[in-house]
Amino acid sequence: MKLHRVTAEIFVPDGLPTEAALARTTDLAVSAHQDDIEIMAASPILECFQRMERWFTGVVVTDGRGSPRNGIYAQYDDEQMRLVSFKEQRKAASLGEYAAQVMLDYPSREVKGGSSLPVEDLAEILKAASPQAVYTHNLADKHDTHVAVALKVIAAIRSLPRPARPQKLFGCEVWRGLDWLVDTDKVAFDLSRQGNLQAALLGVFDSQISGGKRYDQASLARRQANATYFESHGVDTATSLSFGLDMTALILEDAQDPLAFIQEYIQRFNQEVTDRLHRLS
Ligand SMILES: [Zn+2]
């Protein structure tokens with residue numbers, strides 16, 4: 001496979017040739033940064049774990065150079081941070097038994113800018129992996145690079161002929177939870193099992209956590225809070241949930257504007273709050 005950045009990397013934990021490793025993918029997650037995948041896509045990682053018929057592939061778009069540093073990493077320069085981020089992402093891929101882990105290695109500014117190169121790389125990966133479901137950042141995330149990646153994922157899928165597109169596209173939680181969605185708009189991923197694996201997958205990102213940001217604890221706590229504060233019949237026994245936004249409409253209908261798409265969800269939230277206050281006033 002030809003990726004634009006010469007420093008891009010495809011890591012295959014079990015050593016299968018790259019093409020075969022990618023071809024077995026059923027579930028593919030595309031994130032902006034190292035550690036985002038394990039925060040937002042725990043459900044497909046666990047679904048594919050120790051299964052022969054389902055395989056998870058991760059794609060990280062940026063290079064990890066700009067990440068904050070502290071503790072034993074305080075003196076690391078950008079290149080050392082990049083190397084440690086890659087190393088941590090490989091550890092997660094081995095631990096989670098991913099089919100493959102792709103690092104596209106783009107500077108963040110290039111992802112936020114208008115470059116079409118990440119879109120072309122993502123399209124190549126989608127063709128090689130032909131996943132059934134794709135997971136990425138949701139369009140209401142509050143991190144610019146996350147939303148930029150989500151838009152590039154949509155563009156990459158739209159560049160494929162319709163029969164070659166994944167069946168599902170989900171927006172997931174990192175920098176902003178999806179608790180604000182009205183309950184009927186939430187896709188609830190049950191994460192009540194294998195808390196040990198979830199903690200291990202989050203815990204390998206020591207360079208991010210050492211700075212004092214306990215992303216590991218916060219992500220597990222958000223899953224628990226989601227379950228506790230979610231009212232629904234089918235999943236009322238869940239003790240841990242991650243919420244997704246079904247963005248499949250954006251890859252079924254190319255004319256659908258991502259902004260108009262997310263505004264519909266915000267409007268339903270607005271309406272729910274408004275209706276309640278009208279009713280109770
Ligand atoms: Zn991120």
Side-chain angles (χ1 to χ4, degrees), residues 5 8-9 11 28-45 56-70 73 76 78 81-93 96 98 101-113 115 118-119 121-122 125 134-154 156 169-179 189 198 201-223 226 242-245 247 258 262:
R5 307 277 299 180
E9 174 182 313
F11 171 65
L28 182 111
V30 184
S31 76
H33 308 105
Q34 290 79 9
D35 87 350
D36 288 336
I37 287 175
E38 290 68 25
I39 294 172
M40 73 181 188
S43 172
I45 295 171
F56 177 86
T57 288
V59 181
V60 176
V61 177
T62 69
D63 56 17
R65 283 174 171 272
S67 50
R69 56 214 71 180
N70 222 316
Y73 310 96
Y76 280 31
D78 278 356
M81 279 310 283
R82 173 183 170 274
L83 293 176
V84 82
S85 297
F86 274 45
K87 187 159 70 176
E88 289 168 345
Q89 189 62 63
R90 284 186 220 108
K91 285 184 201 173
Y98 301 177
Q101 172 63 53
V102 185
M103 255 87 78
L104 294 181
D105 205 31
Y106 283 96
S108 204
R109 65 178 178 284
E110 189 164 346
V111 178
K112 286 184 280 188
S115 171
V119 176
D121 281 350
L122 289 171
I125 294 160
V134 172
Y135 306 78
T136 189
H137 301 284
N138 80 78
L139 293 171
D141 193 286
K142 63 180 171 182
H143 193 305
D144 280 3
T145 318
H146 289 189
V147 176
V149 163
L151 292 172
K152 293 203 183 305
V153 170
I154 293 164
L169 175 66
F170 295 105
C172 306
E173 301 174 297
V174 183
W175 278 101
R176 179 168 282 150
L178 288 169
D179 177 66
F189 296 108
Q198 296 180 52
L201 286 161
L202 293 160
V204 299
F205 293 93
D206 186 59
S207 70
Q208 300 306 301
I209 294 167
S210 275
K213 288 276 210 185
R214 293 304 304 264
Y215 294 111
D216 54 339
Q217 293 178 348
S219 300
L220 293 173
R222 173 155 65 193
R223 291 167 197 173
N226 279 346
S242 133
F243 292 138
L245 169 64
M247 306 200 301
I262 194 66

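Keep in mind that what you see is a predicted model, and the values were worked out from it rather than measured. Quick note: numbers below take in every heavy atom, side chains included, and nothing from hydrogens, waters or symmetry partners. In each ligand, atom 1 is the first atom listed, and ligand 1 is the first ligand listed.
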Thr62, Asp121, Thr145, Asp63 screened by side chain to side chain donor-acceptor pair (under 3.5 Å) with Tyr106, the one that passes:
Asp121
Does the side chain of Val134 reach to within under 4.5 Å of the side chain of Met247, using non-hydrogen atoms?
no
Please enumerate all residues that pass ring pair (Phe, Tyr, Trp, His ring centres under 6.0 Å) together with Tyr73, with sequence neighbours excluded.
Tyr76
Under the side-chain hydrogen bond (donor to acceptor under 3.5 Å, both in side chains) test, which residues partner Asp141, sequence neighbours left out?
His146
Apply side-chain hydrogen bond (donor to acceptor under 3.5 Å, both in side chains) to Arg222 and list each qualifying residue two or more places apart in sequence or on a separate chain.
none
Between Arg90 and Phe86, is NZ or CZ placed under 6.0 angstrom from the six-membered ring centre and within 45° of the ring axis?
no
Near the Zn ion (ligand 1) (under 2.8 Å) - protein N, O or S atoms:
His33 ND1, Asp36 OD1, Asp36 OD2, His146 NE2
